[in-house]
Structures are given as structure tokens and as C-alpha cells.
Protein chains: 4
Amino acid sequence: MTGETTDADVVRPRRGRPKQEGLAERRREQIVQSAYHVFAANGYESTTISDVARHAGVGQGTVYRYFESKREILDHVFDYAAGQFVGVIMTDDLMTPIDSLDEFSDRLVDIAKRMAATLEEQPDLLKLILVEASAADAELNARMLGLEGFLAEAIANVMQDGQEKGWVRAEVDTAMYSHYVIALVMPGVRHAILGTLTPTVSDRFATATVGILAAALRVPEATAS
Amino acid sequence: MTGETTDADVVRPRRGRPKQEGLAERRREQIVQSAYHVFAANGYESTTISDVARHAGVGQGTVYRYFESKREILDHVFDYAAGQFVGVIMTDDLMTPIDSLDEFSDRLVDIAKRMAATLEEQPDLLKLILVEASAADAELNARMLGLEGFLAEAIANVMQDGQEKGWVRAEVDTAMYSHYVIALVMPGVRHAILGTLTPTVSDRFATATVGILAAALRVPEATAS
Amino acid sequence: MTGETTDADVVRPRRGRPKQEGLAERRREQIVQSAYHVFAANGYESTTISDVARHAGVGQGTVYRYFESKREILDHVFDYAAGQFVGVIMTDDLMTPIDSLDEFSDRLVDIAKRMAATLEEQPDLLKLILVEASAADAELNARMLGLEGFLAEAIANVMQDGQEKGWVRAEVDTAMYSHYVIALVMPGVRHAILGTLTPTVSDRFATATVGILAAALRVPEATAS
Amino acid sequence: MTGETTDADVVRPRRGRPKQEGLAERRREQIVQSAYHVFAANGYESTTISDVARHAGVGQGTVYRYFESKREILDHVFDYAAGQFVGVIMTDDLMTPIDSLDEFSDRLVDIAKRMAATLEEQPDLLKLILVEASAADAELNARMLGLEGFLAEAIANVMQDGQEKGWVRAEVDTAMYSHYVIALVMPGVRHAILGTLTPTVSDRFATATVGILAAALRVPEATAS
DNA sequence: CATGAATGAGGCTTCATTCAT
DNA sequence: AATGAATGAAGCCTCATTCAT
């Protein structure tokens with residue numbers, strides 16, 4: 001109120017506990033990751049905030065300092081999981097052009113391997129994306145579809161490029177087939193989620209997936225001719 | 001559990017009028033069907049017993065005369081939905097032998113059409129089987145996989161027969177591919193669940209599915225050589 | 001119970017526990033009264049639903065079978081208290097015409113006595129109306145003012161009648177004074193609320209209230225002369 | 001931190017710079033005033049310490065350096081409000097003797113005007129004293145009554161003096177009537193609290209209040225005689 | 001001193017399940 | 001057999017208060 005406060009009072013130069021920039025973000029991540037695990041383990045509805053807090057090693061109240069509601073946490077968990085998922089698939093080498101069906105197959109197998117590896121470490125990743133997301137909520141479901149659409153789009157581009165380059169049959173409905181590429185990965189993915197994936201079985205899945213895809217896309221051997 | 005509870009009350013061994021033997025069964029079905037609808041509409045967790053009872057036109061207490069718990073109802077709902085689902089697919093003509101890839105394709109398209117029709121009437125059918133079942137519970141999830149395995153088995157048989165008859169490539173890993181047949185149906189199914197299935201789109205899905213499958217199974221044109 | 005339940009099922013003739021018409025209303029009253037007591041004793045905010053339920057001798061869940069929320073209970077409690085309050089004041093004899101200031105005073109004293117008696121039995125009555133209502137909520141506050149306005153209106157009517165009949169000074173602003181009649185009752189009321197009202201003190205309040213009012217309304221002595 | 005926490009730390013007996021002795025007191029006032037505003041705006045129970053701190057422009061923790069508990073703040077807020085309230089009424093000129101009923105009336109109108117002016121600036125003042133105080137707590141309620149008693153006492157003195165000087169009827173029970181003076185101010189006050197006080201209405205209130213009071217106190221015109 | 005992060009007790013509310021009629 | 005009333009456990013969320021920095 002009065003002027004004679006020497007200088008301070010107005011500038012309020014770092015008084016009190018320093019605000020620890022970044023703490024908030026770290027806490028959010030910490031909580032989201034914990035939520036990710038317990039949601040995946042028990043399902044969203046069956047998980048209590050208490051569970052999340054305990055797993056994160058914080059009090060329940062703390063959770064609410066960083067998220068408005070349980071539902072908001074799920075949103076972030078989905079983003080987190082989707083981010084990881086996409087991260088596994090979308091690597092730089094994905095962007096390099098593909099010039100033959102074999103390359104495409106290799107690339108797919110590559111991705112599949114990476115995914116398998118990731119899923120081995122984080123078996124919950126897809127359960128969360130696939131199951132919890134669809135069960136939770138129409139809105140989240142839509143976002144999941146968005147993610148799928150995004151992937152399909154990328155795949156469709158590759159296939160179109162392949163058509164131009166001649167290693168994909170011209171008749172292929174790329175917009176459709178892209179979704180089928182994803183669908184063809186699912187059987188393997190599901191087993192991975194369930195944890196029943198020995199290397200042998202994994203190979204069979206890879207072979208089958210690639211075999212079917214190759215057959216579907218391959219330009220008919222200029223038979224006879 | 002078993003009958004010998006002195007005075008019964010549990011089994012009520014036909015004393016007096018046998019009552020309508022089927023009455024109890026009818027009530028159960030009535031409740032299961034109601035639960036099926038409301039579970040599919042709102043999800044298992046978000047549905048209250050009250051909702052089920054109201055939809056069934058009975059009191060909540062009555063529900064508990066026929067089912068031990070909410071969870072048990074879900075079991076039965078799953079069975080109900082699975083039964084309907086299988087019923088659509090497993091018709092007599094499925095049992096008739098298949099002698100060519102075209103026949104196989106036709107048969108698939110046939111099934112797909114029947115499924116599409118069913119889903120149009122009962123859009124919740126698959127949502128329940130696919131989404132609610134997996135979200136609810138490990139045990140139910142296992143049963144869902146069992147159902148899938150059962151279907152895959154049937155398909156594998158057909159394909160093996162096809163190999164013997166020569167209209168399926170010998171290299172095909174039938175045990176695996178059968179799962180992929182199911183996987184290839186999924187993109188269309190998902191759209192059906194979401195209700196975004198115009199006839200045109202439906203056709204594209206059918207063409208794609210059958211196209212891919214045919215390519216995958218087809219015996220290479222007597223490459224002559 | 002009725003004989004021929006042969007087919008019925010449509011008419012559903014009193015099956016199950018008879019719905020006990022009136023039970024709901026009784027329970028509501030029971031809960032409202034309990035709430036009335038505990039709210040008055042501890043204040044609305046400091047009272048828990050558990051308190052209300054315990055006082056009513058029911059489970060907390062039961063409370064929510066009859067009221068949507070704690071706030072809704074308060075509404076009903078207010079109505080209940082206001083009803084009782086008005087009931088004490090608005091008796092038949094209040095409607096009989098008044099022909100002199102003395103009669104008016106007597107009538108007021110009468111009401112005051114009845115109120116004092118009521119307050120002795122239910123010391124919380126006014127605390128609830130006056131204090132809790134105003135503290136709780138703008139809306140409830142408005143309703144309280146409405147009640148006051150209603151009373152004032154009645155009093156104003158009597159005074160206007162008195163002006164016509166000549167026992168109230170013509171200069172009196174009846175619309176205003178009516179509120180003051182209520183205001184003049186308040187000192188006594190407050191003491192009653194606080195429970196510090198011996199008969200002697202009560203008399204002094206009555207005398208003072210009536211004395212002031214009489215002086216305010218009285219037509220100047222036989223101005224004639 | 002510092003080693004010599006021996007005893008000090010609490011009193012901090014002027015070591016080094018005496019600090020600004022009044023600083024603590026200023027902080028307290030600052031917080032009390034903020035609390036006063038938010039309590040009045042939202043009610044005591046609905047206000048959080050966070051609200052108070054934010055309004056005061058300090059951290060929540062800081063609040064607890066100056067007050068033991070939320071409740072203690074309310075105490076001080078009450079004192080603050082009461083102090084302001086009394087300050088408006090108890091001015092020097094109040095102490096000057098009063099020699100006639102007219103003077104008394106004038107004085108009352110004067111006070112009323114000052115109060116009206118104050119309430120216009122600080123509409124929350126009385127809401128806090130009247131409503132929040134009574135709702136919060138028996139102890140605070142008692143203090144409120146104490147305040148009222150204090151005012152009544154002062155008024156009673158004036159009236160007694162008036163009796164001696166002859167401008168107040170001898171029959172007047174001054175100890176009682178003093179409370180009624182306050183009561184008669186209430187209708188106007190309430191409207192002021194509610195903010196529904198146009199100048200016209202204000203005049204009517206003033207006229208009515210003074211009119212009633214004058215009638216009640218006035219020595220009967222030594223009629224005839 | 002000041003601060004904001006952390007916390008856990010506790011409140012309101014929902015709902016699966018039991019039970020008297 | 002059927003019903004709806006009753007219940008209490010449990011969940012989400014708020015917030016007064018404590019404490020490390």
C-alpha cells in the first residue's frame with residue numbers, strides 16, 4: 001500500500017520455495033505412467049485413484065493437483081500409449097522410399113520385430129490402446145480410430161508409391177488395403193498382448209502376415225507372355 | 001451347491017405343481033437379453049442392475065433370483081451374444097464341402113452378408129463380444145479367444161480340405177491362416193459396429209477381403225513352364 | 001393371493017411386496033425432520049448425510065432413495081420449518097376482523113405466546129429459518145424473504161383495514177410498517193432462539209413490543225377538543 | 001538452516017535489524033481483509049484457504065504463518081467487520097449529549113445515513129456480521145450478541161439521559177427499548193444488504209424507523225391540562 | 001520468511017446385494 | 001415367486017494443514 005517498502009514487495013524477487021520449473025511436468029508424467037500400468041493391468045473402471053496414487057508413490061490428493069479427474073488421466077494415458085506405439089513404428093527408416101515388394105515385406109517384418117520387442121517390455125501397451133480405449137468412451141474410441149486412420153494413411157501412401165513404381169498391383173484399392181495391412185498385423189499383436197508368443201510362433205505369424213500381404217499386392221508374374 | 005440341502009429351497013424338487021418348467025428359463029433369457037442391450041449400449045461397468053431390471057420389466061430383486069451376481073449375468077450375455085454370432089455363421093450350408101477357391105470366396109461373401117444383415121439389426125452384438133468382453137475380465141477374454149479359436153478351427157478344416165482337393169496352396173499354414181481369415185473380416189466388422197457402412201463401402205470391404213484371401217490361398221496358375 | 005393366476009402375467013395382480021402407498025411420504029418426512037434437527041443443531045455445512053441418516057435411524061443410502069442431494073434436503077427442511085412457523089401464526093382466529101388497537105395488540109400477544117410456546121418445544125425452528133437459510137444459499141435466502149414478505153402482506157392488510165376502521169393512524173405507511181411489526185418481534189424471537197427466555201423477560205418483551213407498536217399506530221387522542 | 005534455534009525463532013527478540021515491527025501486523029490485516037471479502041462473497045464454509053491466499057496475493061502457507069487455522073481467521077474477520085461497523089456508528093458526535101427527541105431522531109437518521117453510505121461501499125459488511133457469524137458457530141454467535149449488547153447499552157444510556165432530561169417517556173423500559181432501536185433499524189439494513197435500496201425506499205425506511213421510534217419514546221403532549 | 005507442493009481425512013454419492021412382505 | 005425398500009461398502013474428489021526448500 002504505502003510506498004516506503006524499499007524496493008521489493010513489487011518485484012517479489014524469488015521469495016519462498018523456488019517454483020521448480022518442470023516439476024509439474026515430471027509429476028504428470030510420473031502419474032500418467034503409473035496410471036498406464038494399473039489401467040492396463042486392471043482396466044480403467046476397476047482401477048481406483050488410490051491405486052494410481054499408490055503406484056506413483058504419491059498421495060491421492062497429489063493426483064488431483066495435476067489432473068482434474070480420473071477421466072482426464074485416461075486421456076493422457078491414451079496419448080502416452082499411442083505416442084509410444086507410434087514411436088515404435090514411425091522411425092526414420094520408415095520414411096526412406098521403398099522400391100520392391102520384398103523391401104516392403106522386410107520393412108514390415110522389421111516393424112513387427114520392433115513391436116514385438118516393445119510389447120515384450122510393455123505388454124500392456126496395446127491392451128490399453130485397443131481394449132480400454134474402446135471400452136471407456138465413445139470419444140476415446142474415436143481418437144483410437146483416428147490413430148488407426150493415421151497409420152493407414154501412411155501405409156496407403158507407401159502402397160500408392162509402390163503402384164507407381166510398379167511393385168504393387170494396379171488393381172489394389174490402396175485406401176482399403178492399408179487398413180488390411182493393419183488388420184493382418186493384429187493376430188500377431190493379440191498373441192503378443194496375451195504374452196503367448198514364443199519365437200517360433202512369432203516367426204509363423206511373421207511368415208503368414210508377410211506371405212498373405214505379398215500375395216495380395218504382388219504383380220502377377222508376367223506369366224507366360 | 002448340490003441338491004441335498006435338507007429342505008431344498010434351492011432345487012425345490014418338484015413338490016406340488018411342477019410349475020412351468022420353462023418359466024425360469026424364459027425369465028433368464030428375458031433378463032439376459034435385456035442385459036445384453038443395456039450392456040452394449042452403456043458398457044458393463046456403467047450399467048446398473050436397476051437398468052437391467054427396468055429394461056426387463058422386472059424388479060431388481062427378481063434379477064437376483066436368477067443370477068448370482070452382476071458378473072454372472074455378463075457371462076450369460078456373452079454366451080448369448082456368442083451364440084447368436086455363431087448362429088449367423090455356422091449354418092448348414094457351411095458344412096457342405098467346398099471344391100474351389102471361388103466357392104470358398106462365395107461362401108465367405110455369403111457369411112459376410114449374413115453378418116452384415118445381422119449387425120444391422122443388432123449393432124451391439126459385436127461391440128459386446130469384442131469390446132466389453134475383453135475389457136471386463138481376463139476370464140471372459142479367454143472365453144472370447146476360445147470362440148475365436150473355435151471359428152478358426154472350422155476355417156482351418158475347410159482350408160485343409162482345400163489343400164487336399166487342390167484349390168489351396170500346399171504351402172499355406174492352415175492353422176495360422178485360419179486366424180487371418182478372421183482378421184481380414186475385422187476391418188469390415190469394425191465399420192459395421194460403428195454403423196458407418198453404406199452398401200458401397202460394404203462392397204469395397206467385401207472385394208478387398210476376398211481379393212486378399214484369394215491371392216493368399218490361390219494355387220499359382222499352372223505356371224506352365 | 002388371488003386364485004386364478006392362470007395366465008395373468010399381464011395384469012400382474014399384486015405380486016411382490018405391496019408398494020405400501022404412503023411409505024415414501026412417511027420416509028421423506030422422517031428424514032426431513034431428522035435433518036431439521038441436526039441442521040439446526042450443527043448447521044447445514046457441518047452436518048453430514050451420515051448424521052442425518054443416523055438420526056433418522058436409516059442407512060445413508062436410504063436417504064438417497066428419497067432425496068437427490070443434500071441440498072434438496074435442505075430445501076425440504078426449510079419448507080418444513082417455514083410451514084411449522086406459519087402454522088403457528090396463521091390460525092383461524094387470525095382471519096377474524098380486528099376492530100381496535102387493543103384487539104390488535106391482544107392478537108399480537110397471542111401470537112407471540114403461541115410462538116414462544118412453540119419455540120420452547122422446538123428451539124431450532126427459527127434458527128433454521130433465520131440463520132441456516134440465509135447462510136446456505138442465495139436461492140434459499142430469497143425464499144426466506146418471500147416468507148417474510150408473505151407475513152408482512154398479511155399484517156399490512158390488517159393495518160389497512162384498521163385505517164379504514166379508524167384504529168390506525170392514517171399517516172401510517174402500512175406497506176412499510178408491516179415489516180416493522182415483524183422486526184419488532186425479532187428481539188424477543190432471538191432470545192427465544194437462544195433459550196434465554198424466562199417468563200419475566202418474556203413479559204418485558206411482550207410489553208415493549210406491544211407498547212412500541214401501539215404508540216406507532218395509535219390515533220392521537222381525541223384530537224377533538 | 002540456522003543453528004541457534006535455541007529458544008528464539010518464536011519471539012525473535014530484536015537481533016540484527018528489528019525488521020519492520022508492523023510488518024507482521026500489516027500482513028495479518030491484509031489477510032483478514034481478503035478473508036473478509038471472500039467470506040462475505042461465498043460464505044465461510046464455501047471459501048477455501050486458497051481463495052483467501054489468492055485474494056491476499058500470498059501463498060497458502062503464508063496464511064498459516066499468521067493464523068493457526070481457518071477458524072481463527074474468521075474470528076479476526078468478525079472483529080474486523082465489527083470494528084468497522086462500530087466505527088461507523090460510534091463517532092465523536094455520538095458522545096455529545098442529546099437534549100430532545102428531535103435531536104435523537106436526527107442523530108439516528110445521521111447514523112443511518114452513514115451506515116447506508118458504508119454499506120453501499122461494503123455491502124458485505126453486515127452479511128458477514130449477521131449471517132456468517134451466526135451460522136458459523138455458537139461462540140461467534142455469542143460474540144455477535146455481545147456486540148449487539150454493547151450497542152444497546154450505549155443506546156440505553158442515551159435514552160436514560162433522555163428520561164432524566166424529559167424528552168423520553170418515563171415509562172420506557174430503556175434496557176429493553178434499546179434493543180428495539182436496533183431491531184427497528186434492521187428492516188432497512190436487510191434491504192441494504194440485499195442491495196435493493198433506492199434513495200426513495202431508503203427515505204421511506206428512515207421515515208418509518210424514526211416515526212415509530214418517536215412515537216414510542218415521545219412524552220405525551222401534555223394535552224390539555 | 002514465504003511459498004507452493006504434498007497429503008490424507010472425510011464428505012457426498014452410487015450401486016450391488018439382501019430381505020421383509 | 002416377485003418385488004422394491006434398505007443398506008453399507010467403496011469411489012471420486014476437496015481442502016485444511018504441514019513441510020521442504
Side-chain angles (χ1 to χ4, degrees), chain A residues 8 12-20 23-24 27 45-53 57-71 73, chain B residues 12 19-20 23-24 27 45-53 58-71 73, chain C residues 1 5 9 12-20 23-24 27 45-53 57-71 73, chain D residues 1 9 12 19 23-24 27 45-54 58-71 73:
Chain A
R12 203 90 79 82
R14 66 198 76 153
R15 203 93 78 73
R17 184 199 250 186
K19 235 189 139 173
Q20 279 245 39
L23 196 169
R27 272 272 187 280
E45 303 266 13
S46 304
T47 299
T48 71
I49 290 291
S50 224
D51 293 334
V52 175
V58 302
Q60 321 156 42
T62 305
V63 173
Y64 282 90
R65 280 187 60 77
Y66 296 96
F67 298 95
E68 293 272 318
S69 68
K70 192 186 172 189
R71 184 53 174 69
I73 298 177
Chain B
R12 188 83 86 94
K19 259 331 184 184
Q20 278 152 293
L23 195 156
R27 270 271 195 277
E45 303 269 10
S46 304
T47 300
T48 71
I49 290 292
S50 223
D51 293 334
V52 175
V58 302
Q60 321 154 40
T62 307
V63 173
Y64 279 87
R65 288 196 65 76
Y66 294 97
F67 299 94
E68 290 276 316
S69 70
K70 192 186 175 189
R71 183 53 176 69
I73 298 177
Chain C
M1 305 312 159
T5 334
D9 215 333
R12 205 88 81 80
R14 65 198 79 157
R15 203 96 77 74
R17 182 199 251 186
K19 235 188 136 170
Q20 279 246 44
L23 196 168
R27 272 272 187 281
E45 304 266 13
S46 305
T47 300
T48 72
I49 290 291
S50 224
D51 293 335
V52 175
V58 301
Q60 322 157 41
T62 306
V63 173
Y64 281 88
R65 281 188 59 78
Y66 297 96
F67 298 94
E68 294 272 319
S69 68
K70 191 184 174 191
R71 183 54 175 67
I73 298 177
Chain D
M1 310 293 162
D9 213 333
R12 192 83 85 87
K19 244 359 178 175
L23 195 158
R27 270 272 194 277
E45 303 269 7
S46 303
T47 299
T48 71
I49 290 291
S50 222
D51 293 335
V52 175
R54 195 172 325 114
V58 301
Q60 320 153 42
T62 307
V63 173
Y64 279 86
R65 288 196 65 77
Y66 295 95
F67 299 94
E68 291 276 317
S69 70
K70 191 185 175 190
R71 182 56 174 70
I73 298 177

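We use all heavy atoms of the structure for the numbers below, so side chains are in, but hydrogens, waters and symmetry mates are not. Just so we're on the same page: letters track the sequence lines, and every chain starts at 1.
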C/V63 versus C/A53, closest heavy-atom pair with distance: CG2-CB, 3.8 Å
Closest contact, heavy atoms only, C/K70 versus C/E45: NZ-O, 3.7 Å
Sugar-phosphate, base or nothing in reach of D/S46, heavy atoms under 4.0 Å: nothing
Touch class at under 4.0 angstrom, heavy-atom based, for D/R65 against every strand present: base
With respect to the phosphate group of [N], does any side-chain polar atom (N or O) of [X] fall under 4.0 Å of OP1 or OP2?
{"X": "B/Y64", "N": "E/dT17", "value": "yes"}
{"X": "C/T62", "N": "F/dT7", "value": "yes"}
{"X": "D/Y66", "N": "E/dA2", "value": "yes"}

Rounded off to whole Å, could you give me the [atom1]-to-[atom2] distance for the [X] and [N] pair?
{"X": "D/I49", "N": "F/dT18", "atom1": "CD1", "atom2": "P", "answer": "11 Å"}
{"X": "A/E45", "N": "F/dC12", "atom1": "CD", "atom2": "C1'", "answer": "13 Å"}
{"X": "D/R54", "N": "E/dT3", "atom1": "CZ", "atom2": "C1'", "answer": "15 Å"}
{"X": "D/R71", "N": "F/dA16", "atom1": "CZ", "atom2": "P", "answer": "14 Å"}

Identified stems (criterion: three or more consecutive Watson-Crick or G-U pairs, under 3.5 Å), DNA chain F: E:2-21 with F:2-21
Counterpart residues, side chain to side chain donor-acceptor pair (under 3.5 Å), relative to C/Q60 (two or more places apart): none
Under-3.5 Å donor-acceptor pair between A/Q60 side chain and F/dC13 base: yes
Residue met sooner reading DNA chain F from 5', once C/R27 and D/E68 are mapped to nucleotides: C/R27
Side chain of D/S69 (C-beta onward), nearest among E/dA16, F/dT17, E/dT13: F/dT17
Closest listed nucleotide, where the reference is the side chain of B/K70 and the choices are F/dT7, E/dT7, E/dT17: E/dT17
Ring pair (Phe, Tyr, Trp, His ring centres under 6.0 Å) partners for B/F67, two or more places apart: B/H76
Position toward the 5' end of DNA chain E (nearest nucleotide), C/T48 or D/V63: D/V63
Gap separating the CZ atom of D/R71 from the CD1 atom of D/I73, nearest 0.5 angstrom: 11.0 Å
